[in-house]
There are 2 protein chains.
Amino acid sequence: MVHELEAICQILNEQQYKLTPQRKVILKALLNHSNDHLSAEELYEIVKRQNPDIGLATVYRTLDLLAELDILQKMNFGDGRSRYEFNTQDIHHHHHLICTSCGKVTEFDDDLLESLESMIQRRTGFDINDHDLKFYGVCKDCSGQDVNPTTGYPRKTTVHKTR
Amino acid sequence: MVHELEAICQILNEQQYKLTPQRKVILKALLNHSNDHLSAEELYEIVKRQNPDIGLATVYRTLDLLAELDILQKMNFGDGRSRYEFNTQDIHHHHHLICTSCGKVTEFDDDLLESLESMIQRRTGFDINDHDLKFYGVCKDCSGQDVNPTTGYPRKTTVHKTR
DNA sequence: GAAATGAATGAGAATAACTTTCAATTAGGT
DNA sequence: ACCTAATTGAAAGTTATTCTCATTCATTTC
């Protein structure tokens with residue numbers, strides 16, 4: 001649960017990575033938006049305000065590095081770009097609710113899947129060590145609206161499904 | 001549960017879509033590989049053997065059309081390309097096991113999530129109409145080598161090209 | 001304290017997976 | 001057979017991301 005600058009910098013140091021000003025600015029921005037599931041481009045826009053000379057490639061490289069170090073988790077919410085969140089130890093207990101109208105991602109905690117995992121493990125011989133559960137629907141704020149044209153949600157056509 | 005050529009052709013007809021030879025070839029290939037979660041490019045390679053003049057854009061367009069008609073389901077398994085499977089009525093009861101070593105995708109049926117959905121609905125006001133559950137692990141055929149050397153945890157974001 | 005060395009950076013080119021454009025072809029009704 | 005809108009292939013365009021490479025920066029070495 002590494003959610004503060006000091007601790008992350010220490011990890012970088014330990015692994016012989018340099019603490020460049022760019023990395024610090026990126027980390028601070030990530031920490032200031034730790035609930036926002038930012039994409040690389042969104043993060044770049046934020047970071048550019050602090051340091052206009054920073055390059056997009058550096059943002060991508062830093063995100064890759066932080067994901068490699070398991071500080072961040074690279075996620076895919078189906079909108080065509082990767083999004084990042086801080087990695088927690090209990091990834092097994094937190095899922096995502098994705099609003100197909102506004103694209104907002106919120107989180108939900110639960111551990112109902114543990115039993116399911118061991119059942120699958122037993123039945124299929126598949127050695128599970130992670131899962132990824134997403135719920136698609138319409139959040140309270142958007143009830144009634146249809147697809148958001150800017151984000152392109154939903155990628156799945158379930159909103160129009162006849163059931 | 002439209003898994004045969006006749007039925008699909010009828011749907012296309014009903015919706016005023018033309019039954020071009022390209023579409024027929026693509027449909028046949030999809031039906032012949034209905035368990036393979038093909039990507040557009042993979043399907044293109046297969047289809048080109050029957051009809052070398054077919055264009056990649058046509059494959060993409062046909063996949064889009066079939067997804068739009070809810071005949072196919074467009075899926076994202078985290079390898080950077082969309083993959084397709086025939087849509088079943090009971091998508092709510094089938095999940096995916098993704099091998100982080102060889103990239104193979106297999107399916108698993110279950111309906112434990114229904115109760116979870118209504119609970120979330122009640123608690124958050126989020127009106128859920130679909131979900132997407134993936135398990136990451138190592139299949140029976142592979143012995144787990146795909147771990148992040150720093151942590152020993154599996155790499156969720158690793159890209160596995162299917163050959 | 002300057003030089004050497006390697007990591008990290010920015011800019012822009014490259015890539016991969018699509019998507020769009022557009023002129024030419026064709027399915028399906030008449 | 002004819003008409004017309006739908007469909008197609010080829011190629012250009014787009015978008016997110018990665019790569020290349022010359023330059024800069026931080027450390028270590030002298």
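First the proteins, then the strands, lettered A, B, ... as listed; each starts at 1. Any value given below was found using the heavy atoms of this structure, including those in side chains, with hydrogens, waters and symmetry copies removed.
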Revision key, fill the gap. Protein-proximity profile, nucleotides 22-30 of chain C, B/S/- by nucleotide at the 4.0 Å heavy-atom cutoff, equals -----BS--
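Place A/Gly55 and B/Ala57 on DNA chain C by their nearest nucleotides, and A/Gly55 ends up nearer the 5' end.
Going from atom CG of A/Asn51 over to atom C1' of C/dT9 covers 11 Å, rounded to whole Å. Rounded to an integer number of Å, the gap from OH of A/Tyr44 to P of D/dA16 is 14 Å. In this structure, the CG atom of B/Asn76 is 12 Å from the C1' atom of C/dA17, given to the nearest Å. Atom CD in A/Gln16 sits roughly 10 Å away from atom P in C/dA7 (whole-Å rounding). Between the CG atom of B/Leu56 and the C1' atom of D/dA10 there is a distance of 11 Å, given to the nearest Å. B/Arg83 places its CZ atom 15 Å from the C1' atom of C/dC18, with the value rounded to the nearest Å. The interatomic distance linking A/Ile54 (CD1) with C/dA8 (C1') rounds to 11 Å, in whole Å. Rounded to a whole Å, the CD atom of A/Gln22 is 14 Å from the C1' atom of C/dA11.
The aromatic rings of B/His96 and B/Phe77 lie perpendicular to each other, with more than 60° between the two planes, well past the 30° mark.
Side chain of B/Ser39 to main chain of B/Ser82: no donor-acceptor pair is present (N/O by atom type, distance under 3.5 Å, no hydrogens or angles). Here the side chain of B/Asp127 pairs no donor or acceptor atom with the backbone of A/Val138 at under 3.5 angstrom.
Among the atoms of the strands shown, only primed sugar atoms or phosphate atoms (P, OP1, OP2) are found under 4.0 Å from some heavy atom of A/Ser82. Using a 4.0 Å heavy-atom criterion, one finds that A/Glu41 contacts no nucleic acid atom at all.
Contacts of A/Lys134 classified as salt bridge (Lys or Arg N to Asp or Glu O under 4.0 Å), with partners at least two apart in sequence or in another chain: A/Asp132.
Residues A/Thr20 and A/Thr62 form no side-chain contact, since every pair of their non-hydrogen atoms from C-beta on lies 4.5 Å or further apart. B/Phe86 is listed as a side-chain neighbour of B/Leu31, based on a closest heavy-atom distance under 4.5 Å.
Close to D/dT17, at under 4.0 Å from its OP1 or OP2, lies a side-chain N or O of A/Tyr60. Contact annotation: A/Arg23 side-chain N/O to C/dA8 OP1/OP2 distance is under 4.0 Å.
Evaluation of the salt bridge (charged side-chain N to carboxylate O under 4.0 Å, His left out) test over residues 30-49 of chain A, restricted to residues two or more places apart or in two chains, returns A/Glu42-A/Arg83, A/Glu45-A/Lys48.
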